[in-house]
Each structure stands twice: as C-alpha cells, then as structure tokens.
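Written below as structure tokens is the structure these notes are about.
Residue numbers start from 1 in every chain, and the chains themselves are labelled A, B, ... in the order their sequence lines are given, proteins ahead of strands. Below, all heavy atoms of this structure are taken into account, side chains as well, without hydrogens, waters or symmetry copies. All of these numbers come straight from a predicted model, not from anything done at the bench.
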Number of protein chains: 2
Amino acid sequence: MHSGVVASRSAEPRDSRESRNGSPQVDTVSLAIIEQLQQDGRRPYAAIGKAVGLSEAAVRQRVQKLLDQGVMQIVAVTDPLTVGFRRQAMVGITVEGDLDPVAEALTAMSEVEYVVMTAGSFDILAEIVCEDDDHLLDVINKRIRALPAVRSTESFVYLKLKKQTYMWGTR
Amino acid sequence: MHSGVVASRSAEPRDSRESRNGSPQVDTVSLAIIEQLQQDGRRPYAAIGKAVGLSEAAVRQRVQKLLDQGVMQIVAVTDPLTVGFRRQAMVGITVEGDLDPVAEALTAMSEVEYVVMTAGSFDILAEIVCEDDDHLLDVINKRIRALPAVRSTESFVYLKLKKQTYMWGTR
DNA sequence: CCCAGAACTGCGAAATCCGCAAGACGCGTA
DNA sequence: TACGCGTCTTGCGGATTTCGCAGTTCTGGG
C-alpha cells in the first residue's frame, strides 16, 4: 500500500461509463479532471492529482488521452468583439433533406466557429466570425445560401457578448 | 542592446490600439500571444515569447494581465453531450423594453453558459446546459419565461455538436 | 490458472514557472 | 529641452512542474 489516498477510490467501480448515453470512455475520474481544467486550464498535474486522488503521472496520462481523443481541448477563449475586430453572427438554417452534407460544408468554412444540429424551427445553428460586414455578407449570402440543400437562413448579428463560461461540470 | 529579437518590434508603433473599435488595451503583440494560446492553452511562456519576439517574463506578465482583465481565459472545453450527461439548447428571446435586466438575469443562472445580445428577430440568444429534459423545461418555462420583460422565447434543443473551434486569430 | 494489456505509482533529470530588482522607453509637464 | 513618472522589459536564481522511464497492480480473456 502506498500513499493511502488511493484506497478510497479502489472501492468504487473503476469505469462507471455513463449509463444514459452512447459516448465513449469518460469515467468519473476523468470527469473530475476536466472540471479542474475548466476552472484553470493551466493548473499543474500534481494539484489536479491531489484533488481527484491520483498521482501526477496518472493525471498527465489521462489528460493526454482526453486531448488525443478529442474529448476536450485546452485553449484560450476570448470575445472576438472585445478583442477588437471582426463581425459575429449566429445563423439559423433550415435544410431540405439530409443535414449532414450541409453541416459538413459549414464545418469546412474557416469563418464558421460553431456548428450544431438542432430540433426546432432551425435545423442547424452556425456561429460566424468575420472581418467586417462585407465579409459577413459574403459568407452568408454567397456561400451558405448557395449550398443546394439550404432552404432558408436567418441571421442574428452579435451586438454584445454578456456571458461565456465553460463550467457545466461545477455547480 | 540585448538579444536582437527586440529590435524589429521597436520599429512598429507600440500600442496600435485597433482603429475600428472601442475596446481596451489589446495591442498586436498580445493578439499574437492569444493566437498562440488558442492553439495550445498550455504552451510554455518561453515558446510563446520566441514566437512573438518577447522575453519569457514579458509574456508571463501580459498573459496574467489579459487573464485579470477578463480579455481571455484559459480553460478546458468539451462537448457536454459527448461527455455524457445533460441536455443542451439555444433559446432565442424577445424582450419588451430594456435588454439589460433580462441579460443580467440570464447571466446569473448557472445553467446558462452563453448570453449574447443580437440584432434580428431575437433580442437575446442564450445557451443552456441542463441535467435532463425536466431540468431544461424548468429553466425555460419556469425561470426564463417568468422574467417580466420577456415577451416570448423559442427553443432549439441540441442534437449534435459538429464543430467547435477558437481559432479566429489564425487563418 | 496463466497471460497480455492497460492503468497507476514513484522517482531523477530537464524544463518551466515565479518573484524580484535593475534598466529602457514613452509621454506628459514645467 | 530637460525632468520625472509609470509602464514595459530584461536577466537571473530558487522553487515548482513537467517529462520519460521502469516496476507494480489490476482487469479480462483464453
């Protein structure tokens, strides 16, 4: 027996792959690690290990794997509007037939930061970040509306970002 | 004269507060630093310094200030749907009168991750992350629609997140 | 029961982070 | 123009963290 911190954890089921979904390999320990990194993406591995009951090396391994698998990413986020330039907008899109080709096309555009399929009066929501009004107009009217399966679009130009957090795990 | 890397920078105007906006203190060098951290939030300061032509300590200071000022945050981001639990939705809201009180109220809700004021048929867009359908229903129907100034809402339940990046600086 | 694979732990060595004090620079003022 | 002030930079050590590498434990399958 080593440090003693470990003992408590070995009691619970190691995996606990979440019951309610079809997502891959994210047990409760990794969840706890993610929560730590949601609070501070640069928190040292040792501190995280202490918080979740794991050794520094183990945390490092798991974080690396989560990164490789694309389950999470550690990045700097800003409000582009605050940083200075660029126009932003959310675009609601209704599609004729299969959503995937449209979603793929949107994903391929560098101006599109965020693409999500939804249930409701829009089939897809896409967030767009542009240089200026001309650029925004070009993307929406010339490139998105040009996609064959796109039936209609509606735009919401951003005026001010009021909140932006990533703390779903901690509350 | 010291390292020589500095010389090139001293040629350009130090501040270069962006012309087209009213945002505070983010010069081109800090912009470059943010770009680095958008690629990898854990990149060492020395590496960043080499990339933007600054000393390690200088980068450290600027990063700290950007963090303190709330201009950027370094965090782990995930797709909650992928991680397992929780229901997500975007809610479009139309408001009667001043938007600010409503925006404030939304910001105060822990289930609300993202609030933005927009121009278009919605006044505010809010992204919501919930435990399950009951929780989602509660937040939308009982808490958001209960706000006095809220005229109407429309919900878009997330089915699948297709893209999520933070690379507006680099393209 | 034994074996293979995966995960975790415990180190040193190397790299990084952090605080500090001194020097350089930009800018407003007398 | 000269002076003074605040900000930005730089260049160190020392403390901390990261990294790579075995050895050990745990799990599941044959």
Review point. Is any side-chain nitrogen or oxygen of A:Lys65 closer than 4.0 Å to OP1 or OP2 of C:dA6?
Key: no

Practice item. Return the 5'-most residue of the pair B:Gln61, A:Ala47 with respect to DNA chain D, ranking by each residue's nearest nucleotide. Key: B:Gln61

Once you round it to whole Å, what is the distance between [atom2] of [N] and [atom1] of [X]?
X: A:Gln64; N: D:dC21; atom1: CD; atom2: P; result: 15 Å
X: B:Arg42; N: D:dC19; atom1: CZ; atom2: P; result: 8 Å
X: A:Arg43; N: D:dT16; atom1: CZ; atom2: P; result: 17 Å
X: B:Glu56; N: C:dA15; atom1: CD; atom2: C1'; result: 11 Å
X: B:Leu37; N: C:dC17; atom1: CG; atom2: P; result: 11 Å
X: A:Arg60; N: C:dA15; atom1: CZ; atom2: C1'; result: 13 Å
X: A:Leu67; N: D:dC19; atom1: CG; atom2: P; result: 11 Å
X: A:Ile33; N: C:dC8; atom1: CD1; atom2: P; result: 8 Å

Go through [options] for me and flag the one nearest to the [X] side chain.
X: A:Tyr45; options: C:dA7, D:dT17, D:dC19; value: D:dC19
X: A:Pro44; options: D:dT17, C:dC8, C:dC17; value: D:dT17
X: B:Ala57; options: C:dT9, D:dT10, D:dC8; value: D:dT10
X: A:Arg62; options: C:dC8, C:dC11, D:dT17; value: C:dC8

May I ask you to decide if [Y]'s main-chain N or O and [X]'s side chain share a donor-acceptor pair within less than 3.5 Å?
X: A:Thr78; Y: B:Val71; result: no
X: B:Arg42; Y: A:Arg43; result: yes
X: A:Lys163; Y: B:Thr107; result: yes
X: B:Arg87; Y: B:Ile128; result: no

Point to revise | A:Lys160, NZ atom: more than 12 neighbouring heavy atoms under 6.0 Å | key: no

